[in-house]
Every structure is written in C-alpha cells, then in structure tokens.
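Take a look at the structure set out below.
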Amino acid sequence: MARFDRDPKPAGPIVRGFAGGAFAVDERRYRALLLTPESAAEWNAPPLAELTMADLEAVLGLDPQPEFLVLGTGPAFAFAPKALRDALEERGIGLETMDSKAAARAWGILRAEDRWIAAALMPLS
C-alpha cells in the first residue's frame, strides 16, 4: 500500500489569529503586515488611497515574482487605487482584494496549497 505523507503546515509565516487589533504570526504581533512565503514583516502602511507599487516592493520583488498579491484593505473591503491595479497588471501580478481578516485567512489557505504569493495587510482598525 502506498503511503502519502503530507506536511499539513505550509512553509513560511502563517497568521494564527487576531489580538488587540494586531495580526498574530508565530510569537509576534503586527499592526500592519507584509507577507511572503519566506517572511513576515511589520509594515508602515499608507492610507489605502495613497498605496503605490513602491509601498509593496518588499513583497513584489520576490524571485520568482509572486503569482498575485493578496491585499487586505483594513477592517472593511475597499477597492485598491486604479493606478496600483494597473501597475500590477502591467507586471503580470494578479490582485485579490478583501478586508484584512479575510485576506489573512485566504493567505493561510493559499499557502497550504503551496502557492507562491505575497500579501499586504492593512491595519484592522
């Protein structure tokens, strides 16, 4: 009989919960968060309307580049600025936008599928 062992935990950082308006990743808390399959970092997120590619280079500069960016827009869904959407499309990077809690959950699901993605999660409050 063949045996298929699969590590149920994907490599890299996973958001484990939300506490005090912050994202819990491993033993740390982050008010706003940038995620790659390899790292989690505190993010000094600008207001959504002012978000540009320069604000995201830390996660978009992956090699190879991410399939898409999961953008958490804070406590409620909002559209990303059109200039950002256009710039991502021009670079061939997809964009999935949702509120930040949903984005954190989507990150975990997509990483469990071993997808090569990036995420930027704006503050929860």
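Side chain of Trp107 to main chain of Val15: no donor-acceptor pair is present (N/O by atom type, distance under 3.5 Å, no hydrogens or angles). Between the side chain of Asp99 and the backbone N or O of Lys101 there is at least one donor-acceptor pair closer than 3.5 Å. Looking at Arg85, its side chain does come within 3.5 Å of a backbone N or O of Ala80 through a donor-acceptor pair. Side-chain N or O atoms of Thr97 include none that pairs as donor or acceptor with a backbone N or O of Leu71 at under 3.5 Å. The backbone N or O of Met122 lies less than 3.5 Å from a partner atom in the side chain of Ser100, making a donor-acceptor pair.
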Would Glu96 and Leu69 count as a side-chain contact (heavy atoms from CB on, under 4.5 Å) here? Give the steps. CA-CA 6 Å; Glu96 294 293 331; Leu69 172 72; over 6 Å; no
Please determine whether side-chain contact (heavy atoms from CB on, under 4.5 Å) holds for the pair Ile14 and Asp26, giving the CA-CA distance in whole Å, both sets of side-chain angles, and the decisive distance to 0.1 Å. CA-CA 7 Å; Ile14 298 295; Asp26 298 323; over 6 Å; no
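Val25 is connected to Leu124 through a chain of hydrophobic side-chain contacts under 4.5 Å among Ile, Leu, Val, Met, Phe, Trp and Tyr, so both are in one cluster. With hydrophobic clusters built from ILVMFWY side chains whose heavy atoms lie under 4.5 angstrom apart, Leu51 does not share a cluster with Leu121.
For the pair Gln65/Leu60, no side-chain contact is recorded, criterion being any heavy-atom separation below 4.5 Å from C-beta on. Under the 4.5 Å side-chain criterion, counting only non-hydrogen atoms from C-beta, Asn44 is not in contact with Asp55. Considering only heavy atoms from C-beta on, Leu33 stays 4.5 Å or farther from Glu42 through its side chain. With contacts defined as side-chain heavy-atom distances shorter than 4.5 Å, the pair Leu62/Glu38 qualifies.
Atoms CG and CE, on Leu88 and Met53 in that order, are 4.5 Å from each other to the nearest 0.5 Å. A distance of 10.0 Å separates OG1 in Thr73 from CZ in Phe79, rounded to the nearest 0.5 Å. Taken to the nearest 0.5 Å, the CZ atom of Arg16 stands 15.5 Å off from the CZ atom of Arg28. Thr36 OG1 to Arg111 CZ: the interatomic distance, rounded to the nearest 0.5 Å, is 8.5 Å.
Open room surrounds CD on Glu90; 12 or fewer heavy atoms of other groups in view lie less than 6.0 Å from it. The environment of CZ in Arg29 is crowded: more than 12 heavy-atom neighbours from other residues, nucleotides or ligands sit within 6.0 Å.
The two residues Phe68 and Leu95 have their closest heavy-atom pair at CB-N, 4.1 Å. Between Met98 and Ala103, the shortest heavy-atom distance links the atoms CG-N, 3.4 Å. Of all heavy-atom pairs spanning Ala32 and Ala45, the tightest one is CB-CB, 4.1 Å. Annotation for Ala49 and Pro81: closest pair O-CG, 3.8 Å, computed over non-hydrogen atoms. Trp116 approaches Pro64 most closely through the heavy-atom pair NE1-O, 2.6 Å.
Of the charged side-chain nitrogens involved, at least one lies within less than 4.0 Å of a carboxylate oxygen, so that Glu67 and Arg115 count as a salt-bridged pair.
Checked options Leu35, Val59, Leu34; the residue passing with Trp43 is Leu34 (criterion: side chain to side chain contact (heavy atoms under 4.5 Å, CB included)).
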